[in-house]
Each structure stands twice: as C-alpha cells, then as structure tokens.
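What follows is a short report on a single structure.
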Amino acid sequence: MRKDKGKRRWVKSYLRKHFHILGCTVVLSFSLGYFWSMSNDTCQDTPSKIIEALRKIYSRPQILKPLRPDVLVMTPWFVPIVWEGTYNLEILNEQFQQRNITVGLTVFAIKKYVVFLKTFLETAEMYFMVGHKVNYYIFTDRPQEVPKVELKEGRNVVVLQVQNYSRWQEISMRRMEMINHFSQKQFINEVDYLVCVDVDMRFNDLVGVEILSNLFGTLHPGFYGSERRSFTYERRPASQAYVPHDEGDFYYAAAFFGGTVKEVYKLTKKCHEAIMVDKDNGIEAIWQEESHLNKYFVYHKPTKILSPEYLWDDSLGRPQILRKRRFLAVPKDHDAIKNK
Amino acid sequence: MAIRKVHVLGLVLAAGVIGFLGIPRFRQPMGQPAGQADLDETFSVLPRLSYPQPFVDKPQRTDVLVMSPWLAPIMWEGTFNRDILNAQYRQKSLVVGVATFAIKKYIRFIQGFIGSANKYFLSGHRVNFYLFTDHPEKVPAMELASEKHLFIIPVQNYSRWQDISMNRMDIISNYIRSRWRYEVDYLYSMDIDLQMFEHIGVEIVDTLVGTISSWQYTKPRDSNSYERRPESQAAIPSGEGDFYYAASFNGGSVSEVYKLTTACFKGVTEDRANGIEAKWHEESHLNKYLLYHKPTRLLSPEYYWDEELGQPPIVKVKRLSSVRKNLQEVRY
C-alpha cells in the first residue's frame, strides 16, 4: 500500500513539474502526424531508374498507319481486342513490372485429365508471362499424379485437392464454384490477376501481360466471324443463361478467361449461382458454364478481349487474320478421356 | 472522484498519441473513382441495349490508328457507340470538373466557351466549370443547364502571357489538393479561347487523357516540337516520343491530374531557377510527362482542331476548335 501511494505521489509531482514539456510533446505529435499524412499525398516523382527503363527507343506509333487494318482492334465501347501487331510488349512489360504483379493460372485436371498436365506446364514455362511471377493453381482429385516440372525463378505450383463428379458436364460446371471459393479464401492474398484456362491445351507462342485487364474474355475460335443469331448462346428462356437473338456482342470461350481476383470472383459467383438455379429448375444450359459465362459478358462487358490467337484448334485451319497461334488444343479421344 | 490535474495531463498525453497515429488514417485519401470495395460489392448490370453487332473482320476506321501500342484507345468518329458508353457511365454517379482561365483580354472568350460547352460538353451529365479570372466582375451572366454549374474564382494576373500559361499548372495542383478532390472525380484543363461545335461526351472520361495535336500528328518523331535542350527539365532526347500532345485540352482522374500538374510545375520552377524557359512552356513539360506516364486514353485531333488547318478527310468531325484571333493583340 505504501509503495503504491508513494508511486502515485511521484507520478503526480513529476507530471506537475513537466507539464510544459508534455504539452509541447502533444502539439509536436499532432503536427508530425499531420505533416506525415500531408507528405504521403505529395506527388511521388517517378524514380529515375523507371524513367531510364522507359527511355527505350522503339518504333513510333503513327496516326495515319493503323497496324491491323484487317481486323477490329477495339470495340465500340473502347475495349481493346488483342491481335499480333497491335501492341508493344516492351512498353506493357515495363508498366506491369513497375507494379510487381503476380499472376495466378488456374487449371483443372480431374480424373484422366491429369495426363495433360506435363505438356501444359512445360509449355507454360516457355511461353506464359515470361519474366513475371506466376502461381500455377492445379485443381485435381489425384494430387499424387501431378508431374514434377522444372520451374523458373518466381514461379510456383500449388496443388489444390478437390472432389470429382461422375458426369464431365458437372466437372466442367463446378469449376466456377471452385474458382470462386478459392478466390476468396486464398487467391486474393496471393495474386493480382487470375487466368482460368482448360488443361487439355499447350502454349505455342508468347502469352504475356498484354492479356491482363480487370476482366477479359477470349473470342471462341469457331464463332469470331459469325452473326450474333448464330452464336450458340442458351436460347431457352427457362434457363438463367438465356440470351435473346438480338443481343450479345461476341461468343466467348470458357476455356480462357480471367481478370483481377475481385472481378473473377464476381463472375464465378454469378455463374455458379445461375448454374444452381438452373439445376433446381431441372435444366442444364446447352454449353454448360460457357453459356453462363456468355450471359455474364452480355451485361458485364469485359475490359479486354483476346483474339482467337489466344485459343485455337489447328483442325480449324489457318485463316489469314491469324498471324500467331499462341494457345492450342491438344488432340484427344473425347470418349475415352471424358467419361472415365 | 474530482478531476485532478493528473487526469487532465493523462488525457492530453493520450490525445497527443492518438493525434500522431490517428490523423493520417482519418484524413480523406486522394479520391480515386470507384474505390477498392470489398469482394462482395453489389453487382451493377447494364440495361438491355439495342445496337448493331460489332464484327471482328470489319473494322470501322481503317484510315487511322485507333489504338496506341500500349492499348490505349484513340477517340475517332465512327469508332464508338455513345449509347453504350453513357449506359456504363451512368452506373457510377460521377462528377467531372473543367478548369479554365480567362485572364486580361481573354475574358472576351468566356461567353463562347461556356455557352458552347453548356450545349456540347458531357451533355446530360454533371459538370462543374471552374473559371479563373482576374476580372470576376466582367464575367457575363450565362444561363446553364441544370446539371452544369459555374464557379468563378478570382486569381491574379502576370505581366507575361507565358507566365500566366505556365502558372495554371500550379493553381490546378493547389485547387485539387484543397478543394476539387472532394468535389469531382475527373478534372479537365481546357484553354478558354475555344468553342465546341459537336458533342464531346463520356468517351473522354478515363484515368489519364491527352489530346493529339492537330498541327503535328503527321510529323516524324524528330520534327516534333519537343524541348530538346538537355538543360531544361522538359527535354526529350532525339529518337524518343510517341505523339505530340496539345496542352489546350488534357485531364483525367483527380489524382492523376494532381500528379501531372505537380510534376509539370516542378519542372517549370526548376527551369526558371536555371534561367531557361521550355520552347512551348507548360506544353513541353506536359509532353515530357506523358511520354513517361503513358495516357490511358488519347483524343484524336477532332478534339482540339486549330481553325487555320482546314479539314483533311481523316477529320470527319471538328468537336473543339480554337477561335480565330489576332495573337499579337490579345496576348499583350
């Protein structure tokens, strides 16, 4: 007791004596806090090393010389359509490297589809987001069958064990739910952008930061020249994926889409919910989650569109407008692989 | 328990600590439109719209470059559908600000500029015009549409017209920081000696926007009027440069324009201290800035056309044009 009282008295007298100092400390603290926050607002000069990096001599864009007069390179609502020759990868790489981004690539290898992983990963190492940080998210029901592939620096493989389903259509549609679930739980903390692709594919040419945007979709290689009423949208009004004949800009492929984690989360959530509503109503959209994806893109337009260079099947031939084939379907025996 | 000195002192100390730690957090951050919301924000859906299908193998304009090599769209007549853009724009309730300066004799242009802007600039959308003038009493009374507002701000003049021009950057920078970041989402700086003859709509609204000069869009890089003397902060080395941008019309989000104007005025001040003045004043500094901070959207020369140039076939519409004047008479 005595000790306590003594302490208190000491504190009191100390404070009394040093009142001025304490007062000044308070004023100083307020001022520091204020000026600190002000300084955070002042313009941050571009560090000179970034200016150095940007100071590159590249061929100059010319107003009177469009780079690809043979194709539509921009939609009427200003969304770029990415074709070879329209972009300067050096400039774009510079812009993205300044932001130090990490890209997540999601792929589903369920049941026998694990057999595609080796080629997929090996070609991704050669062509996908070269020079940037990448996380490969492999969703599989057979984690022990994921091949060991040598990875470059800054790139990781993350295996996510998930359940399988008996019908391949179900497996395909459930991808929306799984991507949505992991976006919120994990991807939001690990990557800036998500790229969601099919696994039965191989990279054949560079696929880089030119594809990245808030929300992007890819033109389906079978329909880029078609009229909107020929698009294989879901046409039964009973389905949530229904799109009327006079609407829709393009037919997008579910085999390659992506964006920021937030936008992919929103897309996959909407699609999964719509799939579940259809299930309850005893209907399944004509092209499963691809129908729902297309419905989503009618009313939430992507901010970037990838040309069919980014998703091609050689059995479709080699049209003149296709100057590069970056991501190709791997030939497979549909019956053997899908239903086992 | 009586309130003792010691309690008061304890309170004061606590306030000091909170002040130091808390003020930065509570200060309003520089406004970025459509902020970083949670994952679960409400989904905004476009209404049903009716328009012709865009065809991948049928580009609308094959005579001009419609997209820069860093994938920034270039606005040309025929390349965009304003209905879709308006529908997208209306989903976010945005306010656009326009800063313009009418100093000394330039007061005579106010009526033409504001009158035509009222009719053609972001028609149907909210706009705040901030008119800086050294003669606020001489500003004519003008009737504006209900969603347009005019704010008249008195400002000092300078003897040299070049100084009036260059100091705009500083004024804009200060006003963003003190006021405009709370009032508008996007801010455009425009010369006053201009008039609009055709709609300029929401296609101009983007993060960082520059206008390609109508005088120089055909010139090769090394003939562009960039500042070349290395002593100036605005110097661009030979062999570099994308386009030549006009200072008469530029803008973007409030935070990007703040960075631009602050950087440019810093360059102007450093040049003054070193006794040098860039060839085209703040336009030279603007060009340097936009070379290393590439615009996210570019306006074609339709958006700032010089009257003296006639009308070549690639310019299908003249939306904004300079007013004919005697430069000697009006500047001095």
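A, B, ... follow the sequence lines: proteins, then strands. Residue 1 opens every chain. What you are looking at is a predicted structure, and each value in this text was computed from that prediction instead of being measured.
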**Message:** Counting heavy-atom pairs under 4.5 Å with chain A, which one of B:Lys58, B:Arg48, B:Gln88 comes out on top?
**Reply:** B:Arg48
**Prompt:** Counting heavy-atom pairs under 4.5 Å to chain A, which of B:Met67, B:Arg297, B:Gln53 comes out on top?
**Reply:** B:Gln53
Does any backbone or side-chain atom of [X] lie under 4.5 Å from a heavy atom of chain A? Answer side chain, backbone, both or neither.
X        : answer
B:Thr79  : both
B:Leu260 : neither
B:Pro301 : neither
B:Asn224 : side chain

**Request:** Please round to the nearest 0.5 Å and tell me the distance separating atom CD of A:Glu90 and atom CH2 of B:Trp70.
**Result:** 13.5 Å
**Request:** Give, for atom CG of A:Asn88 and atom OG of B:Ser68, the distance between the pair rounded to the nearest 0.5 Å.
**Result:**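 Between atom CG of A:Asn88 and atom OG of B:Ser68 there are 9.5 Å.
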Side chains of [X] and [Y], heavy atoms from C-beta outward: is any pair under 4.5 Å?
X       : Y       : value
B:Leu71 : A:Leu92 : yes
B:Pro73 : A:Trp77 : no
A:Asp70 : B:Asp57 : no
B:Gln60 : A:Leu72 : yes
A:Leu64 : B:Leu65 : no
A:Pro69 : B:Arg61 : no
B:Ile84 : A:Phe78 : no

Measure distances from [X] to the heavy atoms of chain B and classify the residue's part below 4.5 Å as side chain, backbone, both or neither.
X        : result
A:Glu247 : side chain
A:Pro308 : neither
A:Phe231 : side chain
A:Ser226 : backbone

**Message:** Just to verify, which of B:Ile74, B:Leu298, B:Asp242 counts as forming a side chain to side chain contact (heavy atoms under 4.5 Å, CB included) with A:Pro61?
**Reply:**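 Output: one option passes, namely B:Asp242.
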**Prompt:** Out of A:Leu219, A:Ile305, A:Thr75, A:Val73, which residue meets the side chain to side chain contact (heavy atoms under 4.5 Å, CB included) rule with B:Val56?
**Reply:** A:Leu219
**Prompt:** Looking only at heavy atoms, what is the nearest atom pair of A:Arg60 and B:Tyr226, with distance?
**Reply:** NH2-OH, 4.1 Å
**Request:** Examine the side chains of A:Asp246 and B:Tyr51 and answer whether a donor and an acceptor come within less than 3.5 Å of each other.
**Result:** no
**Prompt:** A:Gln95 side chain to B:Lys294 main-chain N or O, any donor-acceptor pair under 3.5 Å?
**Reply:**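 No; zero donor-acceptor contacts below 3.5 Å.
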**Prompt:** Around A:Gln320, counting heavy atoms of other residues, nucleotides and ligands shown, do more than 12 lie under 6.0 Å from its CD?
**Reply:**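 At most 12 heavy atoms, drawn from other residues, nucleotides or ligands, come within 6.0 Å of this atom.
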**Message:** Would you say that more than 12 heavy atoms from the other residues, nucleotides or ligands in this model lie under 6.0 Å from the CZ of B:Arg179, or not?
**Reply:** yes
